[in-house]
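Take a look at the structure below.
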Protein chains: 2
Amino acid sequence: MRPTRTDVAKLAGVSTATVSNVLNRPDIVTEETAERVRAAIKQLGYRPDMIARSLSTKRTMQIGIVLEDMLNPYFGAIVKEFESAANEQNYFVNVCTGLNRLDNYLDDFITRGLEGIFITALPYKFHVEKLYNLVEKGIKIITSGNINADSRLVSSIENDYIAAMHDVIEHLYNLGHINIAYLSGLGRELTYDLRCNGYRKSLEEFNLPYRDSLLIDGEYPYSTNIKAGYDCAMRLMGTGEKFTAVICGNDLMALGAMKAFQEKGFKIPEDISVVGFDGIEIGRYWEPALTTMSVDKTKFGRKAFELLHSNILTGKTDQFISKLTLWEGGSTAVARKQS
Amino acid sequence: MRPTRTDVAKLAGVSTATVSNVLNRPDIVTEETAERVRAAIKQLGYRPDMIARSLSTKRTMQIGIVLEDMLNPYFGAIVKEFESAANEQNYFVNVCTGLNRLDNYLDDFITRGLEGIFITALPYKFHVEKLYNLVEKGIKIITSGNINADSRLVSSIENDYIAAMHDVIEHLYNLGHINIAYLSGLGRELTYDLRCNGYRKSLEEFNLPYRDSLLIDGEYPYSTNIKAGYDCAMRLMGTGEKFTAVICGNDLMALGAMKAFQEKGFKIPEDISVVGFDGIEIGRYWEPALTTMSVDKTKFGRKAFELLHSNILTGKTDQFISKLTLWEGGSTAVARKQS
DNA sequence: TTGAAAGCGCTAACAT
DNA sequence: ATGTTAGCGCTTTCAA
């Protein structure tokens, strides 16, 4: 049996409250007794029981992170740093992947008394109202993915995809590209993919042509993995549209797309320039290295925790927008003469 | 304030014990009262408090997974499936990444009353004794990574790297390769990298030459990511050794290695055949697609949970060895004539 | 079938 | 500075 605080108290010849004090408010206790208690703790190998403490304090020091795709190293990097930051503040993190079980998760969050949750996921599968429900129960929330939530109720952290898309298009424009496709992987009717909006907006800005068939949606239920990139690229080639540059919703998709183009005999970047978003490490090892709008994932993960943490401590929500930076690989180059 | 069981009892006009019963042993309660209680629960939006329940039952329904590298999609796939299997049995999983904090984690596991832990990590940074310490406290453990632990105390799940390495070498042998290098990324003095052992053993078996400089270690603290593969490959080329085939400790390393070879003007597979382990999806999209010994990651993750779960329920440990299968991509081919 | 009450290990007034 | 004690919300004998 694990020793309890009572055991320690008995061995040290003090009350249980005193043991609590040396653990939680060491300043208010005599150095001498503290020493005795510490000795007893050590001798028994005593470890406080977080469960009991939680029941009494109403604090669990647990937070959750919900994401849809553990397989994309982009999320891996964010989770890693989020977890790391949380640990430094003594929080434990529960990782929840698989959005199809989201409802169960939300229930669990309440039941287990999580103090906060970082939800990074596209919103087309769940309702914001559910989040408000959690907030009502005292669970703090930070979202990412343009869930259009009330900023007074939940915090949020987003990538500035509008600006990033502008930079991408500018980059391609300067290379002389005119017909630029976008492989979204999602659905154009969904309003939350800022990349999609930014794409159209920036084309206009640079006086470049937009045509419906240059914008490739995914198929429901949408996914944005490497296979999706491959599939979208295949469909783009199937349309017979002319294009010299292709922007992909993320790096993984871009890698899949390059594969598809190469299979069909196109050379990258000579025939087609390809660019992605995220800045995952693998992209830099690809041949050619993938040009991408890179997210500072370390900062992103850490910032997400900080926002959540401050919400937990102060009750105040906050928003953060992360800037992406262009990383030029060999996958983009001057546009070929359009035949 | 969240409603408690007392509120429900009051509203339904029953005792708190009855509420517990309709929740936990619905069979022993009259349908009529049960109905009344359920109505009250619904009306109040009541959710049981897992914390309080845990304190009373000594079960938290939480398990942990410890891993070193969230960035390798290989682990991502395993985590995902492990978590999924756990959820089906109503367990919540805590993901712990970053082995440098392992001691803190182990403490936390005790403190928070985790019921079990899946540790997938190389053992050179921590002591098995610490695991035994957890086992003593009643925490069940399953390891992966050839931590050489007492099989009566902890369960384990491993890849059969010895057999897999045999298959790789056989594959290369049949293609006519003679001088085959191995990029380990770890240290040859460490006994737990079965790939390393298998490499030497299988070379012998096929009467192929082994030379120290064909086996490339990493540098402490070892890592086995894409950069490590790149670095090891560079060092291999620096030795001046002759070789026509290179086996890499995992797929990520293999991708990095291919990049290095290509940078130095070697063609794959014409000049050098490359093969990895794991079978991550990205490898299939590489140009050329990476030949690999593929792990059934879905099965692996699920099986890991099952072993842990059965250990939790029955107290019995168990071991499992997973077989890998050769997946032939375009990165291996008949050996070129050695100049 | 249902209810009363003790107890899980800890915290936090409050009293000494 | 230290001890006493009443909870925290739930489970689980034991009685009714």
Side-chain angles (χ1 to χ4, degrees), chain A residues 1-38 40-41 44-62 90 107-108 110-115 137-138, chain B residues 1-38 40-41 44-62 90 107-108 110-115 137-138:
Chain A
M1 227 26 235
R2 257 174 76 186
T4 75
R5 202 210 30 206
T6 311
D7 300 320
V8 176
K10 209 167 290 173
L11 181 58
V14 298
S15 77
T16 59
T18 301
V19 179
S20 272
N21 283 337
V22 356
L23 256 29
N24 304 329
R25 295 128 49 144
D27 41 310
I28 77 158
V29 60
T30 321
E31 180 48 32
E32 188 208 1
T33 30
E35 195 46 58
R36 255 197 356 271
V37 170
R38 273 190 237 105
I41 288 179
L44 294 172
Y46 167 79
R47 296 273 193 302
D49 182 330
M50 220 11 220
I51 307 290
R53 171 181 302 190
S54 293
L55 182 58
S56 151
T57 60
K58 305 280 109 192
R59 295 209 56 182
T60 56
M61 297 301 283
Q62 288 206 156
N90 297 310
D107 260 10
D108 265 346
I110 298 176
T111 279
R112 293 179 185 271
L114 294 221
E115 298 191 26
K137 310 269 185 198
Chain B
M1 225 27 233
R2 255 174 77 187
T4 77
R5 201 210 33 205
T6 310
D7 301 319
V8 176
K10 208 166 289 174
L11 181 58
V14 298
S15 77
T16 59
T18 300
V19 179
S20 272
N21 283 336
V22 355
L23 254 30
N24 303 329
R25 295 131 44 149
D27 41 310
I28 77 161
V29 61
T30 320
E31 181 49 32
E32 188 209 359
T33 29
E35 196 45 59
R36 256 200 350 273
V37 171
R38 273 189 238 106
I41 288 179
L44 294 172
Y46 168 78
R47 294 276 192 301
D49 182 331
M50 216 19 213
I51 307 288
R53 172 182 300 191
S54 294
L55 182 58
S56 161
T57 60
K58 304 282 105 189
R59 296 208 55 183
T60 56
M61 297 302 283
Q62 289 206 155
N90 297 310
D107 259 12
D108 265 345
I110 298 176
T111 279
R112 293 179 185 270
L114 293 221
E115 298 192 27
K137 309 270 186 200

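Throughout, a chain's letter reflects where its sequence line sits, starting with A, and its residues are numbered from 1. On a predicted model such as this, the values are computed, not experimentally measured, just so you know.
Of all nucleotides listed (D/dT2, C/dG9, C/dG3), C/dG3 comes nearest to the side chain of B/Thr18. With distances taken from any side-chain atom of A/Ser15 to the nucleotides D/dG3, C/dA4, D/dG9, the minimum falls on D/dG3. Comparing D/dT12, D/dT2, D/dC8 against the side chain of A/Asn21 picks out D/dT2 as the nearest. Picking from D/dG9, D/dC10, C/dC10 the nucleotide with the shortest atom distance to the side chain of A/Tyr46 gives C/dC10. Checking D/dT2, C/dA4, D/dG9 against the side-chain heavy atoms of A/Thr30 singles out D/dT2 as nearest. Here the side chain of A/Val29 is nearest to one of D/dT4, D/dC8, D/dT2, namely D/dT2.
The CD1 atom of B/Ile110 lies 14.5 Å from the CE atom of A/Met50; values are rounded to the nearest 0.5 Å. Remark: A/Arg53 CZ to B/Leu55 CG distance equals 13.5 Å, nearest 0.5 Å.
Note: CG (B/Asn24) to P (D/dT12) measures 7 Å, nearest angstrom. If you take CE of A/Met61 and C1' of C/dC10, they are 16 Å apart, rounded to a whole angstrom. Look at CG on B/Leu44: it is 15 Å from C1' on D/dG9, rounded to the nearest Å. Taking atom CZ on B/Arg53 and atom C1' on C/dG7, their separation rounds to 17 Å, with Å as the unit. Distance CG (B/Asp49) to P (D/dG7): 18 Å, rounded to an integer number of Å. Between the CD atom of A/Glu35 and the P atom of D/dT2 there is a distance of 13 Å, rounded to whole Å. In this structure, CE of B/Met50 is placed 14 Å from C1' of C/dC8, rounded to the nearest angstrom. At whole-Å resolution of the value, CG in B/Leu23 and C1' in D/dC10 are 10 Å apart.
At the heavy-atom level, A/Thr4 lies under 4.0 Å from the strands shown only through sugar-phosphate atoms. Residue B/Ser20 is in base contact, counting any heavy-atom pair closer than 4.0 Å across all strands shown. Counting any heavy atom pair closer than 4.0 Å across all strands shown, B/Val19 reaches no nucleic acid atom.
In this model, the phosphate group of D/dT2 is approached by a side-chain N or O of A/Thr33 to a distance below 4.0 Å at OP1 or OP2. For B/Ser56 and D/dG9, the shortest distance from a side-chain N or O to OP1 or OP2 is not below 4.0 Å.
Residue A/Val29 forms a side-chain contact (heavy atoms from CB on, under 4.5 Å) with just one option from A/Asn24, A/Val14, A/Thr18, and that option is A/Thr18.
A residue-by-residue look at B/Ala52 and B/Val14 shows that B/Val14 has its nearest nucleotide of DNA chain C further toward the 5' end.
By the 6.0 Å contact criterion, NZ on B/Lys10 is open, its count of non-hydrogen atoms from other residues, nucleotides or ligands being 12 or less. Within a 6.0 Å sphere centred on CD of A/Glu31, other residues, nucleotides and ligands contribute more than 12 heavy atoms.
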